[in-house]
Amino acid sequence: MTSSAHGGGPPDEYVEAEIHRLLTENPEIAEQGITVVRREHSLVLQGEVESPHRRDEILRQVAERFPGIPLTTDIGVIRTQAPTEIEQLP
Amino acid sequence: MVIRIAAVGDVHLDEDVVGRFRPALEQLPGHADVLLLAGDLTRHGTEAEARCVAREFGGLGVPVVTVLGNHDHQCDQVPEVIGVLEEAGMTVLEGTGLVLDTPGGRLGIAGAKGFGGGFAGRCASEFGEPEMKAFVRTTSTIADRLGATLRELDCDTRVALTHYAPVPDTLAGEPLEIYPFLGSYLLGQAIDSADTALAIHGHAHAGSERGTTPGGVRVRNVAHPVIKQAYSIFHLGDHLDAGEVSTAGAGGISQPWS
């Protein structure tokens, strides 16, 4: 199975599924928390990761594997500050 | 007296993350009696990644108690991962428990990774193909051990620690279609079989923080992408005002009753 099935048109459902699995199964990525949203003319990758390196790697790997697909990304790096509030549980 | 629990899950450590949590973790002594890690400590479950976890979460000055997650199983190096974590002084639970003496009383923690299957009325059944039966049996075996361990803890306050979710409440935000891969009601039933004060889990990155079991046990999803801070802190104690949450302090963690 290849990504060429979309033939340059809007990304289809199989491509979306393939990218979703790539994000988890590619050992350089291994992310299960990234959402792939299919829009009319592009795929949007959304979610949060633990480092800027991981965000860059997702973009690199997906662009390399699916060079013809327009990508929009909105991936953040999760904050690691100490909490400022405590939850009390009586 | 109050028992103070810090918790986070799904930190997915590798070399690129080492050092990011440490400044916040160094504030733990004086603010928490224990740090609970709700699984997925690593990206692929390699011994090298476990060493990153040991560097980041070792030697904190508070006991660290953890379960493993599905990511920690990916490379089939579970014994090596556990060995590295234990060498760093952490306690790794899988169908087991421990009791810690804290200033607020004896805190019993029972932990297990858990597994999937889904929630009441919309769950997998032990029926049909061997693969399906094995899937459901895996969860029920883990849940049975978790329940037995919780009931056997000789302590003042019981806490359950899992990676997978015991209730659907804390999955709100995840696609409904994947709920059966995120947790099982059997874990909730196990938690309800004992006098449990709090259930902590991770795994559901797009889920939400708060829920309760059918038996009324508070459930908290502490997956790092959900809590969006290095860890959360919970205070357990009979005298606290219901629902009260401390105020934010500019200098860090504040104690509202002091």
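Letters A, B, ... mirror the listed sequences (proteins, then strands); counts begin at 1. These numbers come from a predicted model, not from an experiment.
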Measure [X] against the heavy atoms of chain A and call it side chain, backbone, both or neither at under 4.5 Å.
{"X": "B/Arg220", "answer": "side chain"}
{"X": "B/Asp10", "answer": "backbone"}
{"X": "B/Arg218", "answer": "side chain"}
{"X": "B/Pro23", "answer": "neither"}

**Report entry** Name of the residue among B/Gln77, B/His44, B/His71, B/Arg43 meeting side-chain hydrogen bond (donor to acceptor under 3.5 Å, both in side chains) with B/Glu49
**Finding:** B/His44
[X] versus chain B, heavy atoms under 4.5 Å apart: side chain, backbone, both or neither?
{"X": "A/Pro27", "answer": "both"}
{"X": "A/Ile29", "answer": "backbone"}
{"X": "A/Glu50", "answer": "both"}

Query - Closest contact, heavy atoms only, B/Pro166 versus B/Ile191 - result: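 Minimum heavy-atom contact is CB-CD1, 3.7 Å.
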Query raised in the report: chain B: which of A/Gly47, A/Gly33, A/Ala30 shares the most heavy-atom pairs with it under 4.5 Å?
Result: A/Ala30
Requested in this report: Would you please classify the geometry between the B/Phe115 ring and the B/Phe135 ring as parallel, tilted or perpendicular, with 30° and 60° separating the classes?
Outcome: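 Aromatic pair B/Phe135/B/Phe115 classed perpendicular.
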**Report entry** B/Thr66 OG1 to B/Leu161 CG distance, which is reported to the nearest 0.5 Å
**Finding:** 6.5 Å
Requested in this report: Measure the spacing between CG of A/Leu71 and CG of A/Leu59 and express it to the nearest 0.5 Å.
Outcome: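 One gets 7.5 Å once the value is rounded to the nearest 0.5 Å.
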Requested in this report: Determine the sole option in B/His201, B/His73, B/His203 for which the ring pair (Phe, Tyr, Trp, His ring centres under 6.0 Å) test with B/His163 is passed.
Outcome: B/His203
Query raised in the report: Are B/Thr170 and B/Asn221 linked by a side-chain donor-acceptor pair shorter than 3.5 Å?
Result: no
Report summary line: Among B/Val11, B/Asp40, B/Leu198, B/Leu25, the residue with the most heavy-atom pairs under 4.5 Å to chain A is B/Val11
